[in-house]
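Have a look at the structure below, then the notes.
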Amino acid sequence: MMVEIPGARAELENAFRILYANMLYLARALEPDQEPDDALLPEPAVLDRREPLRHAYQVTLSLLATKQPCAAHAVDRGGLLLAEDGWSVETATGPTGRRAVGRRDGFVITVSAPDGEHTACRLGEGFAITGETPHVLLHEPVEFVPPEPCVTAETLPAGALLCYECDGLGWCPCCLGRGFVLDDDRRRQRCPCCFTRQVCLICEGAGLKWIHMMSWWAREQYPELRQDRPEGGG
């Protein structure tokens with residue numbers, strides 16, 4: 001059971017209010033005649049899959065370039081306004097368009113627009129202001145406890161053998177039933193063995209294989225059964 005850290009959600013909600021106020025200030029500086037929709041407080045999301053998981057709020061305001069010559073100019077002007085307000089800003093044009101990314105104290109505000117290099121600059125083009133709060137540890141970290149095996153040599157029923165893949169565990173032996181593994185940066189990656197199914201794919205969670213139902217290939221995985229293979233059998 002996930003237990004919330006006292007005060008963590010309030011900290012995160014306060015960060016959202018600070019973020020949204022900065023975004024509205026920027027939006028009104030760029031397009032004073034437009035009033036973005038009041039944003040309902042969204043649910044915090046896990047935006048970085050690194051363990052332990054942290055939550056953040058993310059919100060987007062959509063606007064039209066009416067006071068700016070075009071959306072690309074709105075991006076450049078937005079970057080300048082952020083820099084003047086003490087944000088560290090990087091501006092770049094890529095395959096998805098032009099953007100100015102401002103960072104300060106863990107907050108991120110991005111002004112972005114579709115690539116306009118190959119189109120005429122014109123009024124009425126759309127651009128967006130996206131914001132992201134600092135990432136906050138919302139729940140108490142829980143130490144992972146590997147699951148107990150579904151079956152052991154002592155509890156194995158007659159006519160069955162421990163699964164040659166998981167040795168009775170029943171859960172995926174690669175991720176131990178979590179459905180994910182951690183990379184070198186402790187980011188969650190989809191388990192390459194069970195592909196998030198969590199159980200062992202060979203025994204499908206049973207932890208054992210019934211001898212009478214084994215294929216000859218499966219029997220080859222057990223030294224004690226290899227003598228049963230017929231000559232020239234496949």
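In this chain, numbering begins with 1 at the start of the sequence shown.
Both Phe107 and Leu24 belong to a common hydrophobic cluster when Ile, Leu, Val, Met, Phe, Trp and Tyr are linked at side-chain heavy-atom distances under 4.5 angstrom. Under the 4.5 Å side-chain heavy-atom criterion for grouping Ile, Leu, Val, Met, Phe, Trp and Tyr, Leu12 is connected to Phe16 within one hydrophobic cluster. Cluster annotation: Val108 is not connected to Val136 through the hydrophobic network of ILVMFWY side chains, with a link wherever side-chain heavy atoms come within less than 4.5 Å. Residues Val59 and Leu63 share a hydrophobic cluster, clusters being chains of Ile/Leu/Val/Met/Phe/Trp/Tyr side chains in contact below 4.5 Å. Transitive grouping of hydrophobic side chains (ILVMFWY, heavy atoms separated by less than 4.5 Å) brings Ile129 and Leu81 into a common cluster.
Met23 has its side chain out of reach of Leu26: every pair of non-hydrogen atoms, C-beta onward, lies at least 4.5 Å apart. Side-chain contact check for Leu161 versus Leu225: some heavy-atom pair is nearer than 4.5 Å. Side chains of Leu47 and Glu132 form a contact here, defined as non-hydrogen atoms less than 4.5 Å apart. Residues Thr196 and Arg190 form a side-chain contact, since some pair of their non-hydrogen atoms from C-beta on lies under 4.5 Å apart. Residues Pro173 and Cys193 are not in side-chain contact: their nearest non-hydrogen atoms beyond the backbone lie 4.5 Å or more apart. Counting only heavy atoms from C-beta outward, the side chains of Cys172 and Cys200 never approach each other to under 4.5 Å. Residues Met2 and Glu140 are not in side-chain contact: their nearest non-hydrogen atoms beyond the backbone lie 4.5 Å or more apart. Residues Arg49 and Phe180 have side chains not in contact (no heavy-atom distance under 4.5 Å, counting atoms from C-beta outward).
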After noting the C-alpha distance and the side-chain angles of Leu19 and Ile109, does the key distance pass the side chain to side chain contact (heavy atoms under 4.5 Å, CB included) rule? CA-CA 8 Å; Leu19 172 72; Ile109 292 181; 3.9 Å; yes

Could you walk me through whether Leu182 and Arg188 pass the side chain to side chain contact (heavy atoms under 4.5 Å, CB included) check? CA-CA 5 Å; Leu182 301 179; Arg188 289 189 180 187; 4.0 Å; yes

Evaluate side chain to side chain contact (heavy atoms under 4.5 Å, CB included) for Gln198 paired with Arg178, printing each intermediate quantity in order. CA-CA 6 Å; Gln198 299 180 297; Arg178 291 180 290 181; 5.7 Å; no

Stepwise side chain to side chain donor-acceptor pair (under 3.5 Å) test for Gln58 and Thr130: CA-CA 7 Å; Gln58 191 176 62; Thr130 301; over 6 Å; no

Applying side chain to side chain contact (heavy atoms under 4.5 Å, CB included) to Val3 and His139, what does each step give before you reach the verdict? CA-CA 5 Å; Val3 179; His139 300 99; over 6 Å; no

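The two atoms that bring Gly102 and Val89 nearest to each other are CA-CG2, 4.1 Å, heavy atoms only. Residue Leu176 comes nearest to Trp171 through the heavy atom pair C-CB, 4.2 Å, listed as atom of the first residue, atom of the second, then distance. Nearest heavy atoms, Val199 versus Cys194: O-CB, 3.7 Å. Minimum heavy-atom separation, Cys70 to Glu125: CB-OE1, 3.1 Å. Nearest heavy-atom pair, Leu208 versus Ala160, reported as atom, atom and distance to 0.1 Å: CD1-CB, 4.2 Å. The shortest heavy-atom contact between Gly168 and Leu162 is CA-CD2, 4.0 Å.
Of the inter-residue distances, the one linking Glu43 atom CD with His55 atom NE2 reads 9.0 Å to the nearest 0.5 angstrom. To the nearest 0.5 Å, the span separating OG on Ser215 from NZ on Lys209 amounts to 7.5 Å. The CD1 atom of Ile5 sits 9.0 Å away from the CD atom of Glu11 when rounded to the nearest 0.5 Å. Taken from OH in Tyr57 to CD1 in Ile18, the straight-line distance is 13.0 Å, to the nearest 0.5 Å. The distance from atom CG of Leu137 to atom CG of Leu53, rounded to the nearest 0.5 Å, is 9.0 Å. If you take CG on Asn22 and CG on Leu82, they are separated by 8.5 Å, rounding to the nearest 0.5 Å.
Surrounding CD of Glu148 are at most 12 heavy atoms belonging to other residues, nucleotides or ligands under 6.0 Å away. Summarising the local packing, CH2 of Trp87 is surrounded by more than 12 heavy atoms from other residues, nucleotides or ligands at distances under 6.0 Å. In the displayed structure, Met213 atom CE is contacted under 6.0 Å by at most 12 heavy atoms of other residues, nucleotides or ligands. The environment of CZ in Arg99 is sparse: at most 12 heavy-atom neighbours from other residues, nucleotides or ligands sit within 6.0 Å. Atom CD of Gln34 sits in a crowded spot, with more than 12 heavy atoms from other residues, nucleotides or ligands closer than 6.0 Å. Shown here is Arg197, whose CZ atom has no more than 12 heavy atoms of other residues, nucleotides or ligands within 6.0 Å. No more than 12 heavy atoms of other residues, nucleotides or ligands shown are found within 6.0 angstrom of CD on Glu204.
A side-chain donor from one of Thr93 and Arg98 sits under 3.5 Å from a side-chain acceptor of the other.
The existence of a salt bridge linking Arg104 and Asp85 is confirmed by a sub-4.0 Å separation between a basic side-chain nitrogen and an acidic carboxylate oxygen. At a threshold of 4.0 Å, the pair Glu51-Arg187 does not count as salt-bridged, since none of the basic side-chain nitrogens sits closer than that to a carboxylate oxygen. A salt bridge links Lys67 with Asp33: the distance from a Lys NZ or Arg NE/NH1/NH2 to an Asp or Glu carboxylate oxygen falls below 4.0 Å.
Between His212 and Trp210, the ring planes are tilted. Angles from 30° to 60° get that label.
A donor-acceptor contact shorter than 3.5 Å is absent between the side chain of Arg9 and the backbone of Gly7. Judged by distance alone, with hydrogens and angles left aside, the side-chain atoms of Gln68 form a donor-acceptor pair with the main-chain N or O of Leu30 at under 3.5 Å. Here the side chain of Gln221 pairs a donor or acceptor atom with the backbone of Trp217 at under 3.5 angstrom.
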